[in-house]
Enquirer: 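Once you've had a glance at the structure underneath, I'll fire off some questions.
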Amino acid sequence: MSIPLHRKNPHAIYESIQRLARQNKLKEALTILDYLDKQGVPVNATTFSSLIATCVRRKALDEGRQIHTHVRINGLENNEFLQTKLVHMYTSCGSPEDAKRVFDEMPSKSVYPWNALLRGNVVLGGRQYRDILSTFSEMRALGVELNVYSFSCLIKSFGGASAFYQGLKTHGLLIKNALVNSSILKTSLIDMYSKCGKIKLARRVFEEIEERDVVVWGAMIAGFAHNRLEREALEYLRWMRKEGIDPNSVILTIILPVIGEVLARKLGREVHAYIIKTKEYSKQLPIQTALIDMYCKCGDMGSGRKVFYGSMERNTISWTALMSGYVSNGRLEQALRSVVWMQQEGFKPDAVTVATVVPVCGQLRALKQGKEVHAYAVKCSMFPNVSIATSLMMMYTKCGVLGYSSKLFDRMERRNVISWTAMIESYAESGHLHEAVDVFRAMQLSKHRPDSVAMSSVLRVCGELKDLKIGKEIHGQVLKKDLESIPFVSAEIVKMYGICGALDKAKLAFEAIPVKGTITWTAIIEAYGYGGCHQEAIHLFNQIVSEGFSPNHFTFKVVLSICEQAGFADEACRIFNIMTRRYKIRASVEHYSSIIQLLTRLGRIKEAQDFDHLRSSLG
């Protein structure tokens, strides 16, 4: 680029433009195109193809339109190769109208521009499968000779929209047209069935493939990961390695988060060693980011930081991964400082970064920083992002500024069930219980019907209000919506009746639960406690423990609290020992507080001091 343009021959200029395209430098490339236009120097189709591909990659619609103008200036508007590229570019950049205009101007249409129209809509995603299905049906009606890629685009669109029955019909069409043996199509079917939650069908298609390449294996492993079947994903990775196939960069970015989810740090280190050995993968930023995320999820912040700071290249995504790691490992102040550090390095926080850091401000009660993040989100036009608005509402509530939460909620252009539930919980957390019920009533009148989480929240509010009438009404709605089988909902029903003094109704609600787990058993024990039946509550706890029930830390918190209320000091000490010795549950501050207050109240000062000494060693 050091040689002046007017001294270069056209082919050297074309190479310069293509290099700029590969580097995503569209503005510089357009400047050269303007210069060539003024000089009357033509540009070839290959150069335009490179630039259009960059527009697709960067979702650069404005630059794409300028390049289209230069295509016309150069008299290449009827070049089918470029027209096909332009159709794909416009659909990929979110302008199906422009794509259709270019498509309609084409004098003759082979399968390739049709496929470009399909492929672009796949990139757009969402509910675009209806448009793709319409285009596909038109292709069939006009007698266009469909190829493997036509079907592949169609199947991918069904996966993206979870349109299972349409995918099933297409699978039948493939069998009818003898195309089902195509490796590309079988891979697309695995992907589609996985995204539709039909993992058994995906596995069946996988097993039908005799010669599996790395792409087929990647699709199956991704399917397991998508359906949160982490063990199966790791099992298939091992099987793939036994077959002599090495994982590629795509599989590595899929499998590293899976390893983090199951906390398999040792396996993660083995995969990391493989990445270092390949050298090529160790330089790829998505893989480095996945490594940071994996180590942080495994609780190894040291290794996560080592990967991050040892990286030659960083971006907003890798910074956000580190920040998320700090949050999950309880290092909230460092997470908050990371927002400043990333900006000092020249990286702007994106919507994911903001959604990660806002809850941190709430937990730290850092109102000043929370307001700054809010101002940044407004400045960067991140609204009306419902997720960010909801996070800000919860942050302001935790910081004791309920008025801000209410204003944010009232000004939300679009709401969803999560934002409604967040407003209910904000009022409840701030002690405005009647207002929480009012929001629930308003939610019922909106287009967003309360889900299990909203029902659970309002049941908790009814309990705190001791309002049995509203509680019964909500219970009726739970039964109507068939939500009573969800453990945390049924547990809240039992607790609500217990708090409201209706122990008989709490017992009936408990007996109606088909499968009783830790959360529901804890709820009925708590209900007995609220009803003043302390001895019965402890007896029930002893009974279920002897029957093999596994209590959790919250169960012990409830039982120790009941012992404190009833003055059962010996029982409390015995239960505390069961918790720490038999179940190996680490005692929390709440566990210690209950037993210390109980012993102190009964004059057993020496024992209380011993427990206080143990509490102080918690750190």
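Just so it is clear, the model here is predicted, and its values are computed rather than measured.
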Enquirer: What closest approach, in Å, do Leu76 and Asn44 show between heavy atoms, and which atom pair accounts for it?
Expert: CD1-C, 4.3 Å
Enquirer: Could you tell me whether Tyr112 and His88 have their ring centroids closer than 6.0 angstrom?
Expert: no
Enquirer: Any donor and acceptor pair, going by atom type alone, linking the side chain of Ser452 with main-chain N or O of Leu483 inside 3.5 Å?
Expert: no
Enquirer: To check you understand the geometry: which heavy-atom pair defines the closest contact between Tyr583 and Ser550, and what is its length?
Expert: CE2-CA, 4.3 Å
Enquirer: Taking all heavy atoms of Ser150 and all of Leu118, pick out the closest pair and write down the distance.
Expert: O-CD1, 3.9 Å
Enquirer: For the residue pair His272 and Leu252, establish whether any side-chain heavy-atom pair is separated by less than 4.5 Å.
Expert: no
Enquirer: Which residues pass the ring pair (Phe, Tyr, Trp, His ring centres under 6.0 Å) test with Trp114, sequence neighbours left out?
Expert: Phe103
Enquirer: Check for me whether the distance between the ring centres of Trp239 and Trp217 falls short of 6.0 Å.
Expert: yes
Enquirer: If you take all heavy atoms of Val358 and Ser391, which pair is closest and at what distance?
Expert: CG1-O, 3.3 Å
Enquirer: Please assess Thr54 against Arg57 for the test side-chain hydrogen bond (donor to acceptor under 3.5 Å, both in side chains), listing each intermediate value before the final yes or no.
Expert: CA-CA 5 Å; Thr54 304; Arg57 213 164 44 242; 3.3 Å; yes
Enquirer: Hey, does the side chain of Arg314 reach the backbone of Phe308 with a donor-acceptor pair shorter than 3.5 angstrom?
Expert: yes
Enquirer: Between Ser419 and Asn416, is a side-chain hydrogen bond (donor to acceptor under 3.5 Å, both in side chains) present by the stated rule, with each step listed?
Expert: CA-CA 5 Å; Ser419 54; Asn416 60 15; 3.2 Å; yes
Enquirer: Would Lys198 and Phe164 count as a cation-pi pair here, with the cationic atom under 6.0 angstrom from the ring centre and within 45° of the axis?
Expert: yes
Enquirer: Under the 3.5 angstrom rule, does the side chain of Ser152 hit a backbone N or O of Val148 as a donor-acceptor pair?
Expert: no
Enquirer: Checking Arg212 against Phe206: charged group under 6.0 Å from the ring centre and within 45 degrees of the axis?
Expert: yes
Enquirer: Per the salt bridge (charged side-chain N to carboxylate O under 4.0 Å, His left out) rule, what does the pair list look like for residues 200-211, sequence neighbours excluded?
Expert: Lys186-Glu208
Enquirer: Aromatic rings Tyr193 and His171: how do their planes relate, parallel, tilted or perpendicular, breaks at 30° and 60°?
Expert: tilted
